[in-house]
Amino acid sequence: MEDIAGAPTLRSAGEIAEARQALLSRHAHVMEPRAVSRCLGVQAADWRRFAVHWEDLAPDGYAAREGTHRMRRYGHFSLDRTGSLRPMPHLAFAQPEDTNPLYVGEDRHFEPLTDVFVADPLFKSLVRMMGRIASCLQDADTWSVKVHPFRVVASADGAGLPTPEGRHRDGVNLVTSLMIGRENAVGGQSTVYEPDGTPVLTTTLHEPGTLLLGDDRATLHEVAPIRPSDTTRPARRDVLVTTLTAHHSAERDAQVG
């Protein structure tokens, strides 16, 4: 997908190349906030505007069954070689077998992304950048892009579980986690593993704009619980999880889960 729209600057092109090389060699990579901002052409004010969308998420009843207080929404898009990002019909979210052990065979229904979220220029630039990065994993005509803004909340009475399913894969090509914000939270380390359980990378996404990338075909991942630093107040962790799955021209209009 080298011809995707929104060509990066010389410096950001180098950062995208570094991310692609790391995915090919280590299967995981962390992009620092300054690098992500350069690649997207955004400033601090853009990140603050984007973070406001996390104040308009809906309860995740499926996570609540496991005792986790989580808010989220969900969107599905198609991204082609020109950089055209097209919304797909809002259907139930389902993951392939042998991926998420907590929801095997279950269709989960989530509230759609808001119109203002979808229209945000930072969101559109972010997905196009991910398409450029993902092209190192597979030369795809089209990417199926699934978008999950999450907020996990913890209190003194209970930890917040960003991945209540534990160590897992998502059944995609590229899986990404973008830090949007943390408040009063400790913990939340993200770890990427080889299939045999050997850790590849461990990082705590502290600073907004930090982006964790993983080759989901070659790794597993999980996130440790969060707890309040000040137990008199709740803790929260806001992230955007985005996955890209390769489609070829014959599959361009197919629906995934």
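Remember, predicted model here, so these are calculated numbers, not experimental data.
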message = Before you tell me yes or no, could you show the steps for D157 and S155 under side-chain hydrogen bond (donor to acceptor under 3.5 Å, both in side chains), namely the whole-Å CA-CA distance, both residues' side-chain angles and the distance that decides it to 0.1 Å?
response = CA-CA 5 Å; D157 297 329; S155 67; 4.7 Å; no
ask   = Would a distance-only check, ignoring hydrogens and angles, find a side-chain to backbone donor-acceptor pair under 3.5 Å from R73 to P112?
value = yes
ask   = With no hydrogens and no angle check, is any side-chain donor or acceptor of R217 less than 3.5 Å from a backbone partner on L137?
value = yes
key: Side chain to side chain, T142 and R86, heavy atoms closer than 4.5 Å   = no
Polar side-chain atom of N184 near backbone of R233 as donor-acceptor pair, under 3.5 Å = yes
ask   = Looking only at heavy atoms, what is the nearest atom pair of R128 and G83, with distance?
value = NE-O, 2.7 Å
Contact check, side chains of M129 and I16, non-hydrogen atoms, under 4.5 Å = yes
key: OG on S78 to CE on M88, rounded to 0.5 Å   = 5.5 Å
message = With a 3.5 Å distance limit and no angle check, can you tell me whether R26 reaches the backbone of V200 through a side-chain donor-acceptor pair?
response = yes
remark   = Looking only at heavy atoms, the pair that brings A134 and L244 closest together is CB-CD2, 4.0 Å
message = Testing the basics here: between A156 and T231, what is the closest heavy-atom pair and its distance to 0.1 Å?
response = CB-O, 3.5 Å
ask   = So, do T243 and V145 sit near enough that their side-chain heavy atoms are less than 4.5 Å apart?
value = no
message = So that I can tick it off, tell me whether R48 and D46 are bridged by a salt bridge, with the cut-off set at under 4.0 angstrom between side-chain N and carboxylate O.
response = no
note = ring pair (Phe, Tyr, Trp, His ring centres under 6.0 Å) with F93: of H109, H76, H148, only one passes, and it is H148
query = Roughly how far, to the nearest 0.5 Å, is NE2 of H247 from CG of N173?
reply = 9.0 Å
inquiry  = With a 3.5 Å distance limit and no angle check, can you tell me whether T163 reaches the backbone of V223 through a side-chain donor-acceptor pair?
reply    = yes
ask   = Distance only, no hydrogens: is a donor on one side chain within 3.5 Å (strictly under) of an acceptor on the other, for T203 and S190?
value = no
task = Check each of L213, V239, D216, V241 against T176 using the side chain to side chain contact (heavy atoms under 4.5 Å, CB included) test, and report the only one that passes.
result = L213
request  = State whether the side chain of W54 and the backbone N or O of F150 hold a donor-acceptor pair below 3.5 Å, judged by distance alone.
outcome  = yes
query = Looking only at side chains, do S37 and W47 share a donor and an acceptor under 3.5 Å apart?
reply = yes
key: Contact check, side chains of T219 and R169, non-hydrogen atoms, under 4.5 Å   = no
inquiry  = Using a 3.5 Å distance criterion without hydrogens, assess whether the side chain of R70 forms a donor-acceptor pair with backbone atoms of P162.
reply    = yes
task = Find out if a path of hydrophobic residues (ILVMFWY) with successive side-chain heavy-atom gaps under 4.5 Å connects L212 to L220.
result = no
ask   = Can we call the ring centroids of H221 and H168 under 6.0 Å apart?
value = yes
task = Would you kindly confirm whether V152 and L211 end up in one hydrophobic cluster when ILVMFWY residues are joined by side chain heavy atoms under 4.5 Å apart?
result = no
task = If the plane angle is over 60° it's perpendicular, under 30° parallel, otherwise tilted; pick one for F110 and Y74.
result = perpendicular
ask   = To the nearest 0.5 Å, how far apart are SG in C39 and CE in M130?
value = 11.0 Å
key: Polar contact flag, side-chain donor to acceptor under 3.5 angstrom, T82-D80   = yes
query = So do the side chains of L40 and L122 get within less than 4.5 Å of each other, counting heavy atoms only?
reply = yes
ask   = Under 4.5 Å between side-chain heavy atoms, hopping through other hydrophobics if needed: is there a path connecting V186 to I180?
value = no
query = Do L126 and I133 belong together in a cluster built from hydrophobic side chains that touch within less than 4.5 Å?
reply = yes
ask   = Side chains of S135 and R20: closer than 4.5 Å at any heavy-atom pair?
value = yes
inquiry  = Do S177 and L240 make a side-chain contact, defined as non-hydrogen atoms from C-beta onward lying under 4.5 Å apart?
reply    = no
key: Aromatic Y193 / basic R167 pairing, under 6.0 angstrom, 45° off normal   = yes
inquiry  = Do L79 and V127 make a side-chain contact, defined as non-hydrogen atoms from C-beta onward lying under 4.5 Å apart?
reply    = yes
query = Strictly under 6.0 Å, is that where the ring centroids of F123 and F117 end up?
reply = yes
task = Hey, could you give me the CG/CD distance between L201 and Q189, rounded to the nearest 0.5 Å?
result = 12.5 Å
ask   = Using a distance-only test with no angle check, is there a side-chain donor-acceptor pair under 3.5 angstrom linking H53 and D120?
value = yes
message = Assess whether a salt bridge exists between R237 and E183, defined as any Lys/Arg side-chain N lying under 4.0 Å from an Asp/Glu carboxylate O.
response = no
ask   = Minimum heavy-atom separation for A154 to A159, with atom names?
value = CB-C, 3.9 Å
inquiry  = Check D141 with R81, please: is the shortest side-chain N to carboxylate O separation under 4.0 Å?
reply    = yes
ask   = Taking all non-hydrogen atoms of both residues, which atom of P199 and which atom of T191 are closest, and how far apart?
value = CB-CG2, 4.4 Å
key: M71 side, atom CE; D56 side, atom CG - distance, nearest 0.5 Å   = 9.0 Å
task = Please lay out, stage by stage, how F77 and V147 fare under the test side chain to side chain contact (heavy atoms under 4.5 Å, CB included).
result = CA-CA 8 Å; F77 300 84; V147 179; 3.9 Å; yes
message = Nearest 0.5 angstrom please: H29 NE2 to L24 CG, how far?
response = 12.0 Å
message = Any side-chain to backbone donor/acceptor pair from D170 onto V172? Under 3.5 Å, distance only.
response = no
